[in-house]
Amino acid sequence: MVIAVVFTIYVLVLLLLTSGRDPGILPRNAHPPEPEEGYDVASLTPESIGGQTPHPRLPRTKDVFVNGVPVKIKYCDTCMLYRPPRCSHCSICNNCVERFDHHCPWVGQCIGLRNYRFFFMFVFSTTLLCVYVFSFCWVYIKKIMVADDVTVWKAMSKTPASIVLILYTFFSVWFVGGLTVFHLYLISTNQTTYENFRYRYDRRANPYNKGVIQNFKEIFFTSVPPSKNNFRAKLQNDSTLQDTSAPPSGGNFLSPNMGKGGIDLEIGNKPSWPTVGAEALADFETHESNAGLENKDGYEDSFAHSSRTLPVESAEGRGGIHPRRSSWGRKSGSWEITPDILALAAGVNEANRVSGDITPPGNR
């Protein structure tokens, strides 16, 4: 009984160390890193950086050598850093974790460089605890059979708690036992769960594999590196944080994915609608409802009328917001022209009037 209690406390302590320990989170940068020397800015073309040309961007990946084997490292847009080898960004914790193995929902924590050892010890100890409880429940039932000289079924009926524990540990041992065997294989080959599921070493050599003995030494007999985060530090005020959308002071380099939402000036800019008065729109709609669209001439007259009645502001006033009107409640099949099209037609006619190249729609 004492052994079972001590064993249970030991498993709970390992669970606490696994779930409450920093798995190896990399601190985020306040701005993208500076470009390295030798990075050829002149060789950048719009095609090489996704068709956009406002600023040259840092390369998406880099090549580093691990034990003489080239390994690609990727840039993390969230943390604004190049991830070290075997590091990955957890979508659940939203952090880059060194030697990322997986995110365990059962312990509510990522499993990485600083807590993988305790995770394996927790899973392995849980397997042994299940085997221990399962075995000694049967030993206790056997004692009842011998003491009372009864069959196994009558002995089991006298200790229902043992039956519950036998069933619970029998089903649990398959999960934790299978997980233990799987991670023994990963440790012996120096892989992570993330790497194994992506089949990274099926067609090429594993640069981290040092042999079975050295791989086990690396996991269990090396010192755990200190955490790179000070979780008790005070947060900076928002005013002191740098604007991550601005380029670093050393140059105009941005992260690979920053600025994707904008539109390149060479590709095309979003049109800015001129501000149109409500009275002009009302006059135009009244004219359209009276004239209709029976023929092409009426259609041309409507455009001519719009050019006369719709005021167009100067270039300084084109940044205004056009008061959009809802089209809800419009009857199906109605030919009523929306204010957006009216404003666009007014802008086109104004541009044609200024340039002196006015061509009726019917003659184009």
Side-chain angles (χ1 to χ4, degrees), residues 9-37 39 54-62 64 71 73-123 192-194 218-262:
I9 294 175
Y10 173 69
V11 171
L12 293 177
V13 170
L14 290 175
L15 174 61
L16 181 62
L17 290 174
T18 303
S19 60
R21 194 179 187 90
D22 176 15
I25 298 174
L26 291 177
R28 300 184 180 184
N29 288 333
H31 54 76
E34 296 287 343
E36 295 181 355
E37 295 182 1
Y39 182 55
H55 298 278
R57 282 169 172 76
L58 296 169
R60 182 67 181 171
T61 60
K62 290 169 123 183
V64 297
V71 177
I73 59 175
K74 296 181 180 180
Y75 182 85
C76 179
D77 299 300
T78 303
C79 301
M80 289 188 289
L81 52 82
Y82 283 99
R83 304 171 192 158
R86 313 192 88 175
C87 176
S88 183
H89 190 90
C90 177
S91 60
I92 301 176
C93 296
N94 199 25
N95 287 309
C96 282
V97 180
E98 292 184 285
R99 201 186 183 277
F100 177 77
D101 190 86
H102 69 286
H103 183 92
C104 182
W106 305 107
V107 301
Q109 177 67 291
C110 279
I111 308 302
L113 177 66
R114 301 188 69 253
N115 64 347
Y116 180 79
R117 175 187 308 176
F118 304 104
F119 169 77
F120 177 80
M121 294 171 64
F122 163 69
V123 174
T192 63
T193 303
Y194 184 77
E218 179 182 333
I219 298 298
F220 296 106
F221 299 102
T222 56
S223 60
V224 178
S227 176
K228 297 181 180 180
N229 300 276
N230 184 9
F231 294 102
R232 296 184 178 180
K234 294 182 179 179
L235 294 176
Q236 298 179 355
N237 295 329
D238 294 338
S239 59
T240 61
L241 294 177
Q242 298 184 10
D243 185 9
T244 58
S245 62
S249 58
N252 292 331
F253 285 83
L254 300 178
S255 63
N257 285 348
M258 287 179 65
K260 282 188 176 180

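Separating the CZ atom in Arg60 from the NZ atom in Lys74 is a distance of 7.5 Å, to the nearest 0.5 Å. For the atom pair CG (Asn95) and CD1 (Ile25), the distance works out to 4.5 Å, reported to the nearest 0.5 Å. With values rounded to the nearest 0.5 angstrom, Glu98 atom CD is found 9.0 Å from Asp22 atom CG. Annotation: the span from Thr78 atom OG1 to Met80 atom CE amounts to 9.0 Å, rounded to 0.5 Å.
Residue Thr193 comes nearest to His102 through the heavy atom pair OG1-ND1, 4.0 Å, listed as atom of the first residue, atom of the second, then distance. For Thr18 against Phe122, the heavy-atom pair with the smallest separation is OG1-CB, 4.2 Å. Minimum interatomic distance between Pro59 and Tyr82 (heavy atoms only, all atoms of both residues): O-OH, 2.5 Å. Nearest heavy-atom pair, Pro27 versus Lys228, reported as atom, atom and distance to 0.1 Å: CG-O, 3.2 Å.
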Q) Phe100 and Arg83: side chain to side chain contact (heavy atoms under 4.5 Å, CB included), yes or no, with the steps? A) CA-CA 11 Å; Phe100 177 77; Arg83 304 171 192 158; over 6 Å; no

Q) Under the side chain to side chain contact (heavy atoms under 4.5 Å, CB included) criterion, do His103 and Tyr194 qualify, and how do the steps go? A) CA-CA 10 Å; His103 183 92; Tyr194 184 77; over 6 Å; no

Q. Can Arg117 and Thr222 be said to form a side chain to side chain contact (heavy atoms under 4.5 Å, CB included), step by step?
A. CA-CA 10 Å; Arg117 175 187 308 176; Thr222 56; 3.7 Å; yes

Q: Under the side chain to side chain contact (heavy atoms under 4.5 Å, CB included) rule, what do Val97 and His89 come out as? Steps first, then yes or no, please.
A: CA-CA 6 Å; Val97 180; His89 190 90; over 6 Å; no

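Here the options are Val13, Leu12, Leu14, the test is side chain to side chain contact (heavy atoms under 4.5 Å, CB included), and the partner is Tyr10; only Leu14 passes. Considering Val64, Leu113, Ile73, Leu26 in turn, Leu26 is the only one that fulfils the side chain to side chain contact (heavy atoms under 4.5 Å, CB included) rule with Pro84.
Relative to the six-membered ring of Phe118, Arg21 misses at least one condition, a distance below 6.0 Å or an angle of at most 45° to the axis.
For the pair Asp101 (side chain) and Ile111 (backbone), a donor-acceptor distance under 3.5 Å is absent. Within the 3.5 Å criterion, the main-chain N or O of Cys110 finds a donor-acceptor partner in the side chain of Asn115. Looking at Arg114, its side chain does come within 3.5 Å of a backbone N or O of Pro225 through a donor-acceptor pair.
Partners of Phe220 under the ring pair (Phe, Tyr, Trp, His ring centres under 6.0 Å) rule, at least two apart in sequence or in another chain, are Phe120.
The shortest distance between side-chain heavy atoms of Thr192 and Arg99 falls below 4.5 Å.
The number of heavy atoms from other shown groups lying within 6.0 Å of CZ (Phe231) is above 12.
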